[in-house]
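This report concerns only the one structure given below.
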Amino acid sequence: MKLKNMLLLLLGVVMLSLSRLPLHLGWLAFVGWIPLLAIFESGCTSARRLLQMSFIFSLIYLGVVFYWVGSVTIGGLIGLIILYAGFYFIVFYMIQRVFLVVPRWRYVAFVCGILSFEFLQNFGENRFPWFNTAYSLADYTVLIQIADLGGVLGISLLILLVNLGLYRLLRRKGWSILAVVLIFVSWVGYGVFRMNSIKMGRIDAGIQVMQPSIPQEDKWDEDQYQMILKRYHELTFAAAEDGAKLVIWPEAAMPVYLTHDYSRLNDLYEIIESANVDVFTGFPDYAPAPPSHFADKYYYNAATLFKPKRPPDKIYHKNILVPIGERMIWLAYFPFLSKLQFGQANWEFGTELCYYQSGDYIFSPSICYETAFAGINHRMAIRKEAGRLIKSDYLVNITNDAWFGTSYGPWLHAMMMKFRAVENRIQIYRSANTGISIIIDPLGRVIARADLFEIKNISADLYRTPTIPIIRRIHPYPWLFVILTLLLFGASLFKRTPDRKVRL
């Protein structure tokens, strides 16, 4: 790459990377794409240089924002860098082609190309939708209110339009400042309006979230089981004394096949019956598998609700699994891949959502990584029955981010909850083994929190609103960006690259 383009690339990717971290630099997202626009506008990037550009972008972005993946598997982090270098190359190639060949539509291609990349991360077994530019604004509660109109992709769209307007301003297109001002005035205005207009009822529902902070090295150690049980016992009784009716334990809190191990199941019931509270907890589960399956059982990352003197409720099996981390990808097509071991559990995919009632209130759960997926959270929060939209009273997320220590990983994971709450206008209770455990209200505000490695329960009143966000009443509009990107790229293939440009 030419030195100028290299410097522009480094400037852009560093700003975009820093905007994602808990450094209160989210505003960098409003200018982070400008250097990339300048590179594409220069029109002198060959396919080879685009590949270099994509690899450098992926290396720095993932190295800064997702370095914590390497604390679990360095091979996994290297694999992600290589995989997303390929994805970025495809996106950058398509954008650059339109810039060179169909320049009238170049800015549309840029915006739609980036949004398509973000949206398509929600699909396939290697899905990993953590790249949305919108998540840079986690600190700006007013600005994320508009997620109830367009979701995180709508916020990314506005960020890209601001970048485009400021870029045009730098190119002495004075009218662009009016567009940028109009976007911000409308955006902030909508946020202030929604934060003051949404009516919420406040109820003391007696819900507490436990953060036991069990060290990862102790969690699956049989010798540590009694210590773990003692901590759950103490925290559950403390919650009961504080008026709790439901206590939410984290993902895989019971590190045994609970519903198949009657001794350990009895340990749990002794706690909940003595404390007289309901407990929602995670645990591993299994079911018999046919001889054709690569293992003798179907194994699941599971959770369910336990009540005193009642059998366990229907078990929720995690629907979306972490690629390679929880299941080797493409096992259904290539069963022999199960023999490759990178520390993954090879869980099976759950196929159903579950809804539970504790007291007078109904909730639906997600486990860990599922919080990154807006679609499944939409269906948990607002389901359709007999042609009507029915809203849950709240959502529950349980996770175990102990793998990632004191890195930025737990913060990045937790802050996604703010967007899920606003998109559905619903309160979310999140129990994370070692943190960050949080309670988020329907306006995306953190109303209770336990920091990393604190041992405590947190609680907050339940805020409910009957509001059904517009995003839940419209069809999946993001496909329009994908279609536009493909149409513009297709149109560029039928025209010759200008001779004065470097051919792609």
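Between Asp401 and Arg430, the closest heavy-atom pair is OD2-NH2, 3.2 Å. Shortest non-hydrogen contact noted between Ile426 and Lys391 is CB-CE, 4.3 Å. Considering all non-hydrogen atoms of both residues, Ser54 and Tyr88 come closest at OG-C, 3.5 Å. Across all their heavy atoms, Val152 and Ala134 have their closest contact at O-CB, 3.2 Å. Contact record, Ala372 with Tyr135: O-OH, 3.9 Å, taken as the closest heavy-atom pair.
Taking the ring centroids of Phe123 and Phe119, they lie under the 6.0 Å cut-off. Close placement of the Phe373 and Tyr369 rings is indicated, their centers lying within 6.0 Å of each other. Here the two rings, on Phe66 and Phe128, have centers that are under 6.0 Å apart. Checked against the 6.0 Å centroid criterion, the rings of Phe363 and Phe280 qualify as a close aromatic pair.
Using a 30° and 60° split on the angle between ring planes, Tyr93 and Phe89 fall in the tilted class, from 30° to 60°. Using a 30° and 60° split on the angle between ring planes, Trp68 and Trp130 fall in the tilted class, from 30° to 60°.
With hydrogens and angles left out, the side-chain atoms of Thr371 and Asn397 include no donor and acceptor closer than 3.5 Å. A side-chain donor-acceptor contact under 3.5 Å links Tyr84 and Gln121. With hydrogens and angles left out, the side-chain atoms of Tyr361 and Arg464 include no donor and acceptor closer than 3.5 Å. Donor-acceptor pairing under 3.5 Å is recorded for the side chains of Gln208 and Asp242. With no hydrogens or angles considered, no side-chain donor-acceptor pair links Ser392 and Ser364 at under 3.5 Å. Between the side chains of Arg425 and Gln145, at least one donor N or O sits under 3.5 Å from an acceptor N or O.
For Arg194, the salt bridge (charged side-chain N to carboxylate O under 4.0 Å, His left out) criterion is met by Asp148, not counting sequence neighbours. Looking at residues two or more places apart in sequence or on another chain, you find a salt bridge (charged side-chain N to carboxylate O under 4.0 Å, His left out) between Arg106 and Glu41. Under the rule for a side-chain contact (heavy atoms from CB on, under 4.5 Å), the partners of Ser17 that lie at least two apart in sequence or sit in another chain are Val13, Ile60, Tyr61, Val64, Val65.
Rounded to the nearest 0.5 Å, atoms CE (Met380) and CG (Asn377) are 5.5 Å apart. The CD1 atom of Ile203 lies 7.0 Å from the CG atom of Asp393; values are rounded to the nearest 0.5 Å. Atom CG of Leu164 and atom CG of Leu169 lie 11.5 Å apart (nearest 0.5 Å).
Using a distance-only test at 3.5 Å, with no hydrogens or angles considered, a donor-acceptor pair links the side chain of Asn163 to the main chain of Trp33.
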